[in-house]
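The structure appears right after this line, and notes come after that.
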Amino acid sequence: MEQSESEIVASRRAKLKRFREELGFEPYGQREDGLLALSDARTRFSEDAHVAFDLASKEAKAAGTAVNAAADTRAVVRVAGRVVQHRDMGKLVFLFLRDATGDLQISVSKSSVAANAFELAKHADYGDILVAEGPIGRTNKGEICVWATSISLGTKSLAAPPEKWHGLTDPELRYRRRYVDMYANPETAKVFAMRARIVSRIRRFMDARGFLEVETPVLQPIAGGAAARPFTTHHNALDMPLFMRIAPELYLKRCLVGGMRKVYEINRNFRNEGIDRSHNPEFTAMEVYEAFGDYGTMMELTESLIHDLAVSMIDERRAAGLRVDADLAEGGPTLPWGELAINYAKPFVRVKFEDLFRQGAGCEMRDFAAVRAKARELGLHHEAKLDDWLVVNEVFEECAEPLIDPCRPTFVTDYPSAVSPLTRPSRTDPALCERWDIFIGGMEVGPAYTELNDPDIQLAKFTEQLKGADDEESTFRTLDEDFVESLRVGMPPAGGLGIGIDRLVMLLTDSASIRDVILFPLLKSMGASSPDAGASDESGKGA
RNA sequence: GAUUGCGUAGCUCAGUCGGUAGAGCAGCGGCCUUUUAAGCCGUAGGUCCUGGGUUCAAGUCCCAGCGCAAUCACCA
């Protein structure tokens with residue numbers, strides 16, 4: 001049953017036993033009060049106190065007496081952290097502890113601690129969690145450290161650690177063993193700390209503008225609000241199929257019907273589709289709805305929010321050691337993202353879909369014959385099967401989107417109505433609708449609409465959409481009649497917005513992949529059975 | 001789904017033309033009271049991703065599969 005363990009694990013187990021039985025340390029620790037974060041402990045260092053103590057020590061040594069306790073004004077700190085460096089000099093041991101705030105050296109002199117504590121320091125392994133207490137001073141070489149007067153064991157680590165200099169670099173291992181990645185590569189932990197602050201800033205921004213944060217169903221009987229393949233599940237007691245939501249949109253609109261004026265939700269969506277650098281099957285989105293607003297109010301809100309976040313990232317990124325190219329004095333925060341230097345100065349770029357189309361395709365988008373010719377020229381061979389406006393959309397994505405300057409946040413406005421089923425058509429030009437998409441760094445970060453609130457048009461658009469569904473799609477695409485009914489009750493005119501939080505965090509933290517901003521991204525499971533072995537397993541699962 | 005690349009010790013990586021499996025770190029045993037990837041002496045550690053094939057001989061060449069990455073496709 002017990003697998004034979006590696007030599008390293010075996011020796012760590014032997015140490016655990018020795019620490020417990022010979023040295024009297026509980027290998028899994030206990031409550032510790034009064035612990036300081038390592039970065040806070042470091043700030044308690046006083047050069048004056050250190051120099052005064054150093055002088056008193058030398059005088060006492062020359063005189064052959066003990067140091068007068070009153071001469072030691074160094075702050076005493078109590079800290080805990082994981083061992084990431086260990087240098088044994090014989091009767092003096094230097095080790096570095098690490099916590100989420102940084103690293104701090106602990107210097108353990110045989111003459112300053114109990115015999116069992118010195119043995120513990122001497123034999124501590126990379127990865128062990130230690131608790132140390134003592135005055136904060138520095139070494140001859142200038143390293144600020146805790147001169148330990150006591151050391152105890154927080155937790156013994158049994159697993160083999162990563163390489164101490166290169167850390168964990170294999171991307172697969174970093175994602176699969178994120179708990180190791182987070183301490184072995186401090187920049188990983190910094191990205192997630194920044195993500196947390198970005199999300200809380202977004203909430204403060206929305207709250208300050210009077211939006212109410214609500215929570216709507218993740219388990220939905222009908223997966224609406226977007227066109228994506230949902231994950232399916234089943235409720236046993238009610239014996240009903242359920243879908244993980246692909247978007248909260250239809251529920252948030254019901255909130256407007258119910259009388260909420262301004263609502264938002266920050267939560268997970270789930271889409272059963274491909275995985276790549278900007279797609280994870282579960283991702284975080286913020287959706288916003290404002291009664292009596294429109295896509296213009298959403299544009300102002302989005303521009304202000306993203307600009308404010310970018311400004312706040314100047315200090316964040318400097319503190320985390322990330323690049324910042326320019327500051328506000330030069331026209332707006334410029335935050336590098338990979339090879340791109342993205343400038344978040346207001347106002348963001350605005351360009352009409354129709355104009356960008358003309359520029360990219362070289363013809364008018366309403367000249368469908370020319371558009372179809374262009375599509376064939378581009379090699380879009382399924383062009384003949386598509387509606388005119390879908391061809392327009394494909395040609396746009398192919399020819400026009402690449403023209404958007406990736407270094408400037410850009411609103412593309414006034415999309416064709418035909419590709420936007422939840423959006424209100426323009427009153428002056430019904431072929432177009434009041435919708436924009438914002439692009440940053442070549443990524444689509446989010447769309448916004450003036451919401452369609454005419455129940456008859458909405459019903460017609462849903463019905464039209466369902467007609468085009470193939471067999472597979474029709475298993476999860478169902479008309480949400482209750483939503484249409486809510487529109488009959490009456491939804492005020494409104495603006496709505498969706499923003500991909502993960503993508504925004506990627507841009508703000510200079511992360512190349514969505515997996516770098518999601519703590520535990522989805523990977524294939526390693527223990528998965530082979531296809532033939534799996535068949536018998538599967539039938540046994542539900543019981 | 002397609003193409004390309006990668007998969008060797010716990011980790012980071014070498015491995016030439018097909019000819020006995022290598023280093024550093026980590027580990028283990030020593031030495032050292034000011035180290036900064038500490039150093040020095042000694043020692044141990046391998047399913048070369050898996051399965052086939054070619055060959056006197058395969059980590060290396062061929063085929064299939066698995067995993068990861070990048071690019072493309074898909075995702076209105």
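The chains referred to below are lettered A, B, ... by the order of the sequence lines, with proteins before strands, and numbering in each begins at 1.
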Check: Going by heavy atoms closer than 4.0 Å, what residues in residues 149-165 of chain A are next to RNA chain B?
Finding: A:Ala160, A:Pro161, A:Pro162, A:Glu163, A:Lys164, A:Trp165
Checklist line | Non-neighbouring partners of A:Leu523 that pass side chain to side chain contact (heavy atoms under 4.5 Å, CB included), sequence neighbours left out | finding: A:Tyr175, A:Arg176, A:Arg515
Checklist line | Which residues share a ring pair (Phe, Tyr, Trp, His ring centres under 6.0 Å) with A:Phe520, sequence neighbours left out | finding: none
Name the pairs: protein N/O against N/O of nucleotides 74-76 of chain B, kept only if under 3.5 Å.
unit_1 : atom_1 : unit_2   : atom_2 : d
B:C75  : O2'    : A:Glu273 : OE1    : 2.2
B:C75  : O2'    : A:Glu273 : OE2    : 2.8
B:A76  : OP2    : A:Ala227 : O      : 2.2
B:A76  : O3'    : A:Asn393 : ND2    : 3.2
B:A76  : N6     : A:Gln465 : NE2    : 2.2

Item checked: Those residues that, when tested against A:Arg20, pass side chain to side chain contact (heavy atoms under 4.5 Å, CB included) (two or more places apart) -> A:Leu16, A:Glu26, A:Pro27, A:Tyr28
Notebook entry, point to check: Going by number, which of residues 105-128 of chain A have a non-hydrogen atom under 4.0 Å from RNA chain B?
Noted result: A:Gln105, A:Ser109, A:Ser111, A:Asp125
Check: With sequence neighbours left out, what residues match A:Pro425 under side chain to side chain contact (heavy atoms under 4.5 Å, CB included)?
Finding: A:Ser417, A:Leu452
Margin query: The criterion is salt bridge (Lys or Arg N to Asp or Glu O under 4.0 Å); which residues satisfy it with A:Glu249, sequence neighbours excluded?
Written below: A:Lys253
Item checked: For A:Tyr449, ring pair (Phe, Tyr, Trp, His ring centres under 6.0 Å) partners two or more places apart -> none
Can you list, pair by pair, the side-chain donor-acceptor contacts under 3.5 Å of residues 438-446 of chain A, counting residues two or more places apart and other chains?
none

Item checked: Nucleotide-resolved protein contact map, nucleotides 2-9 of chain B, B/S/- at heavy-atom distance under 4.0 Å -> --------
Note to self: Among residues 511-518 of chain A, which ones have heavy-atom contacts with RNA chain B below 4.0 Å?
What the structure shows: A:Arg515
